[in-house]
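Worksheet for the structure shown next.
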Amino acid sequence: MRDFETYVFDLDGTLLETLNDLAASTNYALRTCQMPEHSVEEVRMFVGNGVKKLMERAVPDGKENPMFEKVLSLFRSHYLEHNLDTTQPYNGIPELLSELNKRGKKLAIVSNKFDAATKDLAKHFFADTIEVAIGERENIRKKPAPDTVLEALRQLGASKSGAVYIGDSDVDIMTAKNSGLPCASVLWGFRDKDFLIRHGATFFAEKPEDLLPD
């Protein structure tokens, strides 16, 4: 991959394997409200556009369900307590971030996961390498809007001209486009290569070291 000064990463499915913990919290909330649970593979296809959208897809009748807000609240509280049960960085990610950091690159996380969980996970796993972590919050539009990416660049003191966005989903492809950044799509995350191609992906990383400058 060509050299960049700034690397903006998605979190779930890109830096961290979070699927099992997301599925566990989803099913806890559903089970508590006596609703049908979902398999891990079903939850895999629900994630990628924030917690609220995840629960809209998981709850029967989505937002129209009168219990929706309760299920969402149960998910949030359970996930904040259990988001480290099985979550770990993908193999090669810590080494990638360490190498980019050694080369003086600016690194950020931009996620549609709610802001508190995004910051907690970034601090736990990447405190030595990631400078900025921004999640979903009320006063800023979430991805695929460019707002959180542009805010990350602002906090880093970085320009768009030297930045790249890295993610694993169609939302990430759209986010990069809306932000005016090139996009690198990773193949170890929540969506496969055929899916990503159908949604406009043009550059792929099969393993984390593929993201290092040539």
Side-chain angles (χ1 to χ4, degrees), residues 5-26 28-29 43 46-55 69 72-90 92-98 100-101 105-158 160 163-169 171-172 175-176 178-179 181 184 186 188-190 208 211:
E5 291 302 313
T6 305
Y7 293 73
V8 181
F9 293 91
D10 172 54
L11 185 61
D12 295 42
T14 300
L15 297 179
L16 294 179
E17 171 54 279
T18 58
L19 184 59
N20 287 328
D21 287 343
L22 288 167
S25 292
T26 297
Y28 166 81
V43 174
F46 295 163
V47 300
N49 203 17
V51 169
K52 193 167 186 179
K53 182 60 69 174
L54 162 61
M55 299 316 296
E69 291 298 331
L72 179 61
S73 177
L74 286 166
F75 173 91
R76 287 178 179 272
S77 59
H78 187 272
Y79 188 70
L80 279 173
E81 292 182 12
H82 294 276
N83 60 27
L84 293 174
D85 286 1
T86 65
T87 289
Q88 290 292 330
Y90 288 99
I93 288 295
E95 293 81 1
L96 167 69
L97 299 179
S98 179
L100 290 173
N101 190 258
K105 307 305 182 182
K106 296 178 179 180
L107 309 180
I109 291 169
V110 170
S111 176
N112 275 345
K113 185 189 294 294
F114 51 102
D115 196 54
T118 298
K119 285 179 166 54
D120 285 349
L121 290 168
K123 183 177 180 181
H124 181 83
F125 289 110
F126 309 121
D128 293 336
T129 51
I130 299 287
E131 299 176 59
V132 171
I134 299 173
E136 181 184 2
R137 56 197 196 205
E138 291 184 1
N139 62 344
I140 190 168
R141 292 182 300 169
K142 67 179 183 178
K143 302 184 298 183
D147 302 38
T148 48
V149 172
L150 299 180
E151 174 61 16
L153 294 177
R154 187 193 68 78
Q155 291 187 28
L156 289 171
K160 290 199 297 183
V164 62
Y165 184 88
I166 299 162
D168 72 306
S169 73
V171 173
D172 294 315
T175 300
N178 292 338
S179 303
L181 303 184
V186 306
W188 54 81
F190 296 162
L211 297 169

Nearest 0.5 Å please: distance from the [atom1] atom of [X] over to the [atom2] atom of [Y].
X      : Y      : atom1 : atom2 : value
Glu131 : Lys105 : CD    : NZ    : 12.5 Å
Leu100 : Glu5   : CG    : CD    : 11.0 Å
Ile109 : Ile134 : CD1   : CD1   : 10.5 Å
Tyr90  : Asp168 : OH    : CG    : 6.5 Å
Ile166 : Leu107 : CD1   : CG    : 9.0 Å
Met55  : Phe46  : CE    : CZ    : 9.5 Å

How close do [X] and [Y] get, heavy atom to heavy atom, and via which atoms?
X      : Y      : result
Ile93  : Thr14  : CD1-O, 3.6 Å
Leu156 : Lys106 : O-NZ, 3.2 Å
Ala184 : Leu211 : CB-CD2, 3.8 Å

Do [X] and [Y] come within less than 4.5 Å of each other through their side chains, counting heavy atoms only?
X      : Y      : answer
Asp128 : Asn101 : no
Leu80  : Asp120 : yes
Asp12  : Val47  : no
Tyr7   : Leu96  : no
Leu16  : Phe126 : yes
Leu22  : Phe75  : yes
Phe125 : Leu15  : no
Phe190 : Thr18  : yes

Look only at the side chain of [X] and the backbone of [Y], and say whether a donor-acceptor pair between them is shorter than 3.5 Å.
X      : Y      : value
Ser77  : Leu74  : yes
Lys160 : Leu153 : no
Thr175 : Val171 : yes
Asp85  : Asp21  : no
Ser111 : Lys113 : yes
Lys119 : Ala133 : yes

Pair up each side-chain donor or acceptor in residues 135-152 with any protein partner under 3.5 Å, not counting sequence neighbours, and list the distances.
{"residue": "Arg137", "atom": "NE", "partner": "Asn139", "partner atom": "OD1", "Å": "3.4"}
{"residue": "Arg141", "atom": "NE", "partner": "Asp147", "partner atom": "OD1", "Å": "3.2"}
{"residue": "Arg141", "atom": "NE", "partner": "Asp147", "partner atom": "OD2", "Å": "3.1"}
{"residue": "Arg141", "atom": "NH2", "partner": "Asp147", "partner atom": "OD1", "Å": "2.9"}
{"residue": "Lys142", "atom": "NZ", "partner": "Asn49", "partner atom": "O", "Å": "2.7"}
{"residue": "Lys143", "atom": "NZ", "partner": "Asp10", "partner atom": "OD1", "Å": "2.9"}
{"residue": "Lys143", "atom": "NZ", "partner": "Val110", "partner atom": "O", "Å": "3.1"}
{"residue": "Lys143", "atom": "NZ", "partner": "Tyr165", "partner atom": "OH", "Å": "2.8"}
{"residue": "Lys143", "atom": "NZ", "partner": "Asp172", "partner atom": "OD1", "Å": "3.1"}
{"residue": "Glu151", "atom": "OE1", "partner": "Arg154", "partner atom": "NE", "Å": "3.0"}
{"residue": "Glu151", "atom": "OE2", "partner": "Arg154", "partner atom": "NE", "Å": "3.4"}
{"residue": "Glu151", "atom": "OE2", "partner": "Arg154", "partner atom": "NH2", "Å": "2.7"}
{"residue": "Glu151", "atom": "OE2", "partner": "Gln155", "partner atom": "NE2", "Å": "2.9"}

task: Quickly, which of His78, Glu81, His82 forms a side-chain hydrogen bond (donor to acceptor under 3.5 Å, both in side chains) with Ser25? Name it, please.
output: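 Among His78, Glu81, His82, the one that satisfies the side-chain hydrogen bond (donor to acceptor under 3.5 Å, both in side chains) with Ser25 is His78.
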message: Could you work out, with side chain to side chain donor-acceptor pair (under 3.5 Å) as the rule, every residue matching Ser98, not counting sequence neighbours?
response: none
- prompt: Can you check side chain to side chain contact (heavy atoms under 4.5 Å, CB included) on Leu11 and Asn112, steps first, answer last?
  reply: CA-CA 9 Å; Leu11 185 61; Asn112 275 345; over 6 Å; no
